[in-house]
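One structure is given here, and the rest of the page talks about it.
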Number of protein chains: 2
Amino acid sequence: MSNQMMTLKKLAELSNFSVSTVSKALADNPEISIKTKNKIKKLAEFYNYKPNITAKNLKERKTRAIGVIIPNILAHFFAKVLSGIEKEATEKGYNIITCISDESFEKEVKSIEMLANGSVDGFIISVSKETFVKENYKHLQGAIDKGLPISMFDRVTDKVYCDKVVINDFQSSYTATEKLIKSGCKNVVFVTPIHHTSVGLDRVSGYEKALKDILKRKGKPKVLVIEDYQKFTDSFTEFLKDNKVDGVVAADELSGIYTMNLLIGAGHRVPEDVSVIGFTDGILAGNSNPPLTTVDQRAVELGKVAANNIISRLEDSQKEAITYETTVLETYLIERGSTKFK
Amino acid sequence: MSNQMMTLKKLAELSNFSVSTVSKALADNPEISIKTKNKIKKLAEFYNYKPNITAKNLKERKTRAIGVIIPNILAHFFAKVLSGIEKEATEKGYNIITCISDESFEKEVKSIEMLANGSVDGFIISVSKETFVKENYKHLQGAIDKGLPISMFDRVTDKVYCDKVVINDFQSSYTATEKLIKSGCKNVVFVTPIHHTSVGLDRVSGYEKALKDILKRKGKPKVLVIEDYQKFTDSFTEFLKDNKVDGVVAADELSGIYTMNLLIGAGHRVPEDVSVIGFTDGILAGNSNPPLTTVDQRAVELGKVAANNIISRLEDSQKEAITYETTVLETYLIERGSTKFK
């Protein structure tokens, strides 16, 4: 049989496995046993199967639209990423359709279902908080199995095999903490409203590692988890009763601004008494008083790379389901008035 | 012939007019001449045509998805409206698919085309700047003619017959200007980055009318149009050379914040030397220093009403294409530190 006629579906029929299993086996997905992989790979080799045939078939039903699923539209970071995606996609002749999961697993699943029905050629996604908690990524694997590639940004998971783009969250947080300690802070606190996400956990780890490396036994990590912004003032005020604070690393922009305003309101001076660093260089950081020192999360670039990843996967048939890349963007600290670095 | 069998299409065939003309004539659209309208209406009456038959037909192909087209995702106002739409739609069992026109006519047209192809049951839209300049609304009328109702918010046009929800832009701007004058301001300037939109024009008119009513001949309107945010500092600095300013009404939130920061940077005190009022109560206003006095644009409520308008049109067949409503939401001024009202 010539490779012109062999398809994933036929391979599935011949091997008695499902299309999904065959696809995963050829992509070296660890969900599939080595025994099954070997069986399927041998069969594919025998029939001289090249996965790009599927890609070519897919090409014919192109919508030139990409579905983007973001968790929270009120966070300026995601709006900025979206603007980066839009810009890059427009340049390459693609349209963007956006759904907002609102941090809900159910809405994320529903959004994928809705758009996977012929509206888009593939997806760009940043995973919702609830999806991380549930650890259920079947809807994403399902889209890939259906021939709709996925490109992830910022909030990513190892459980789905696809192209990803992130910043170096661990290192960024480490550097921010290190800077605070070296500028004289002895009680650096980490404040996080995104504790359950991949990026939230990486940032906490970077903070903890920096404390351990630099302060040795002299500083104990203090992490204030904000479950809900409406409880921010209460949680933080309670925290201040029992804890000394002279430095704060906040896991996003809004929590950085809230921290600063709360501290100033409680009679602390920023940066004289407490230095504050936030994540994301959004619209708030440059316009607060004092302006907030931030880790530039490179939102627009994240969006551009995420768009490029999906477009090149859609256009380059050789790339299909074989190897995936994770791009790590370097961040830098934008020093403003909320810290007293030399 | 019973009304069970009469459709818009049959009426079009019988009358020798297009479906679009028949639909417009029955909806009393002023594009259609009175003569044509009378002819079509008589025919419809003769065949006992009830437009809800079409609506019932439409019901069978429901996607339970609504397309939302917004001009600019980086403006917090639109993100807030979108969150209001999402909340209301979710409660009513509808999903939201969003496209961003990026203030471009072409992208707006493309977005409508893309989603009108069976992905959504109707649209919620805030019109792009470029569409206002071009005065071309055929793509919107086209969607309506196709049986996809439209609900407009904030940036609306009289040229399209559909449900609309706006705030009282004229009155809000009038009140803000009046407040500034009554607090002692003699040189109130209006700063606008949205001069070409319906809301931008209404806000300028409100400002001008207040000056005329209250200051009589003593104050001349001074409007600073910002064509591009990147030129904000240059334009404003140039303007300050030739003009005294002791009060500013800014047509959106970001221009209010920029104005304040620019004035403070140039050595003016806010509010001692200059009072500033912005539009939109977004995330910036409450977190700036001093916090910005704003006209609450009621973004979340706008979104909820816009969602309700489209959903009730989709669900209530009697409503089809007969009368449209424009809801005007009242605004109020949120007084903060950037003004010195008593």
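All chains are named by letter (A, B, ...) in the order of the sequence lines, taking the proteins before the strands, and each is independently numbered beginning at 1. When reading the values below, keep in mind they use all heavy atoms of this one structure, side chains included, and skip hydrogens, waters and symmetry mates.
Scanning both residues, B:G200 and B:T197, for their nearest heavy atoms gives N-OG1, 3.0 Å. In plain terms, the two heavy atoms of B:R298 and B:T331 that are nearest each other are CD-CA, 4.3 Å. In plain terms, the two heavy atoms of A:S151 and A:N309 that are nearest each other are OG-CB, 3.8 Å. Taking each heavy atom of B:S235 and B:L224 in turn, the nearest pair found is O-CD1, 4.2 Å.
Contact count versus chain B (heavy atoms, under 4.5 Å) is highest, among A:M260, A:R64, A:K110, for A:K110.
Within residues 272-287 of chain B, the residues that have a heavy atom under 4.5 Å from a heavy atom of chain A are B:I283, B:L284, B:N287, listed by number. Within residues 74-91 of chain B, the residues having any heavy atom less than 4.5 Å from a heavy atom of chain A are, in residue-number order, B:L74, B:H76, B:A79, B:K80, B:L82, B:S83, B:E86, B:T90.
Taken to the nearest 0.5 Å, the CD atom of A:E315 stands 9.5 Å off from the CG atom of A:N308.
In this model, a donor atom of one side chain and an acceptor atom of the other lie less than 3.5 Å apart for A:T63 and A:D121. Side-chain contact annotation: B:T293 with B:T339, donor-acceptor N/O pair under 3.5 Å present.
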* Asked: Which is it for A:E108 and A:I125 under the side-chain contact (heavy atoms from CB on, under 4.5 Å) test, yes or no, and what are the steps along the way?
  -> CA-CA 9 Å; A:E108 191 177 285; A:I125 185 168; 3.8 Å; yes
* To do: Could you go through the side-chain contact (heavy atoms from CB on, under 4.5 Å) check for A:T294 and A:R336 one step at a time?
  => CA-CA 8 Å; A:T294 52; A:R336 296 200 183 92; 3.4 Å; yes
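Taking the ring centroids of A:Y258 and A:Y229, they lie under the 6.0 Å cut-off.
With a threshold of 4.5 angstrom between heavy atoms, B:L254 approaches chain A through side-chain atoms but not through N, CA, C or O.
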